[in-house]
J.: 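Can you read through this structure? Questions will come right after.
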There are 2 protein chains.
Amino acid sequence: MSTLKKTATTAEKVNETDLQIHGFRQTRHNRRLELVEDYVELIADLISKHGEARQVDIARELGVAQPTVSKMLKRLAADEMIVQRPCRGVFLTDKGTKLAKHCRERHSLVETFLVALGVPAEVASIDAEGIEHHVSEQTISAIKKFLNSDGASKN
Amino acid sequence: MSTLKKTATTAEKVNETDLQIHGFRQTRHNRRLELVEDYVELIADLISKHGEARQVDIARELGVAQPTVSKMLKRLAADEMIVQRPCRGVFLTDKGTKLAKHCRERHSLVETFLVALGVPAEVASIDAEGIEHHVSEQTISAIKKFLNSDGASKN
DNA sequence: TTTAAAATATAGCAATGGCTATATTATTTA
DNA sequence: TAAATAATATAGCCATTGCTATATTTTAAA
């Protein structure tokens, strides 16, 4: 009945759907990085605003419980994104700083872009939060190009 | 030391960061729906292309194992998104069809938009996969408006 | 109508990301 | 310095999403 049935177990099918598989795999991979990116980005924000990033602050900002943050920070420390100093909060390593910088730039770019498109600021803020992690370098370039020409056309 | 410390345990803080919390909560909520949306969208695609959507096909397209699909379909059936017919694949309920339609439209809109922005088709396809789940109705409207005016300016 | 093959289901494991309740460890302050 | 408070860590639970290995059920074929 199905055109797929006959070859469902053969190897030829693989090539046919390779791109699709790659797409979903890439997306799943991005989804696993989302939380890490949220954390380093938030930690950078807290440090720049308040000079420190404590677990209670992170937990409050993210809307999760403190032990959840504690567990995640352990993971980030294992990944060498942060260092923890007792009762003094967490600090970004070079690696973490680089990632945070990248995320902040990408985040603000996406948010600016949405606002430029006419999305209300509050909604743009929420959408950007989810979208940012899935924006490739090529799309970043395209957005930058758009913002430049858009800005030029309005001046 | 920190400006947060003094009031960290008081209720006043809540209002101050309410929006931020709401943003992350919204994003976490969206993230939980991503998989459901991926499935119904893919099921709709498979049915329209091949007249049926079997677990093996879904698994191959998503790049996961068949038991993973089996488990997820159980959840989708419990959510009344699909009905399962043994050895005949899965079919969308009205509810599932509505969601799939919405997702497909949103997905293709985002992909079209990225291409219109100048993102290479292959990259646009991957990025759209991740982005689509985080695009609000307001952003959809803004994109539609852009595509219309963009199309008009080139005609 | 058995048998072979295909499709689906189940069992059982692991990692992740939540939670509450309860230590433990640092820092202040009395 | 001892006690109180603040910050962090740990224990132990749950749900989700993946996996492999192995049933079980359906369909098709001999």
Side-chain angles (χ1 to χ4, degrees), chain A residues 1-10 13 21 24-25 27-39 42-43 46 50 52-79 82-91 133, chain B residues 1-10 13 21 24-25 27-39 42-43 46 50 52-79 82-91 133:
Chain A
M1 197 159 290
S2 160
T3 56
L4 286 178
K5 252 174 191 167
K6 291 241 165 72
T7 53
T9 55
T10 67
K13 272 283 141 198
I21 286 177
F24 278 114
R25 281 199 194 287
T27 301
R28 259 206 308 285
H29 179 251
N30 288 342
R31 283 175 192 167
R32 272 197 295 271
L33 293 180
E34 284 173 338
L35 256 193
V36 172
E37 295 186 345
D38 282 343
Y39 270 81
L42 174 57
I43 289 166
L46 286 172
H50 306 293
E52 63 178 12
R54 296 168 310 151
Q55 291 189 9
V56 280
D57 302 326
I58 297 169
R60 186 169 29 72
E61 296 281 322
L62 292 179
V64 298
Q66 169 266 322
T68 301
V69 174
S70 179
K71 212 192 279 185
M72 187 61 56
L73 291 183
K74 226 170 175 177
R75 178 181 153 194
L76 292 180
D79 286 351
I82 61 165
V83 288
Q84 294 179 273
R85 288 200 286 163
C87 287
R88 203 157 261 100
V90 298
F91 296 89
H133 309 283
Chain B
M1 197 161 289
S2 160
T3 56
L4 287 178
K5 252 175 190 166
K6 290 242 167 72
T7 54
T9 55
T10 68
K13 272 283 140 199
I21 286 177
F24 278 114
R25 281 200 193 285
T27 301
R28 261 204 307 286
H29 179 252
N30 288 343
R31 282 175 191 165
R32 273 195 297 270
L33 294 180
E34 285 173 337
L35 257 192
V36 172
E37 296 186 344
D38 282 344
Y39 270 80
L42 175 55
I43 289 166
L46 286 171
H50 307 293
E52 63 178 14
R54 296 169 309 150
Q55 290 190 11
V56 279
D57 302 326
I58 298 169
R60 187 171 26 73
E61 296 282 321
L62 292 179
V64 299
Q66 170 267 321
T68 301
V69 174
S70 179
K71 213 190 281 186
M72 188 61 56
L73 291 183
K74 225 170 174 177
R75 177 181 155 195
L76 292 180
D79 287 352
I82 61 165
V83 288
Q84 294 179 274
R85 288 201 284 163
C87 285
R88 203 159 261 101
V90 300
F91 297 89
H133 309 283

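Letters go in sequence order (proteins before strands), and every chain restarts at 1.
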J.: Please answer whether the main-chain N or O of B:Leu62 pairs with a side-chain N or O of A:Arg25 as donor and acceptor at a distance below 3.5 Å.
T.: no
J.: Tell me whether the side-chain N/O atoms of A:Arg31 come closer than 4.0 Å to OP1 or OP2 in D:dT17.
T.: no
J.: Consider the side chain of B:Arg28, meaning its heavy atoms from C-beta on, and name the nucleotide among D:dT26, D:dC19, C:dG18 that approaches it most closely.
T.: C:dG18
J.: Contact class for A:Lys71 vs. all strands (heavy atom < 4.0 Å): base, sugar-phosphate, or nothing?
T.: base
J.: Does a distance-only test, which skips hydrogens and angles, find a donor-acceptor pair under 3.5 Å between the side chain of B:Gln66 and the base of C:dA7?
T.: no
J.: Looking only at side-chain atoms of A:Pro86, point me to the closest of C:dA26, C:dT16, D:dG18.
T.: C:dA26
J.: Is A:Lys74 near enough to D:dT10 that one of its side-chain N or O atoms lies under 4.0 angstrom from OP1 or OP2?
T.: yes
J.: Take the C1' atoms of the five end pairs on each side of the helix from C:dT1-D:dA30 to C:dA30-D:dT1, derive the two axes, and give their angle rounded to 10 degrees.
T.: 10°
J.: If only side-chain N and O atoms of B:Gln55 are considered, is one of them under 4.0 Å from the OP1 or OP2 phosphate oxygen of C:dA9?
T.: yes
J.: Please enumerate all residues that pass salt bridge (Lys or Arg N to Asp or Glu O under 4.0 Å) together with A:Arg31, with sequence neighbours excluded.
T.: B:Glu34, B:Asp38
J.: Under 4.0 Å, heavy atoms only, any strand: does A:Leu73 hit a base, just the sugar-phosphate, or nothing?
T.: nothing
J.: Starting the side chain at C-beta, find the nucleotide from C:dG17, C:dA26, D:dT10 nearest to A:Ser70.
T.: D:dT10
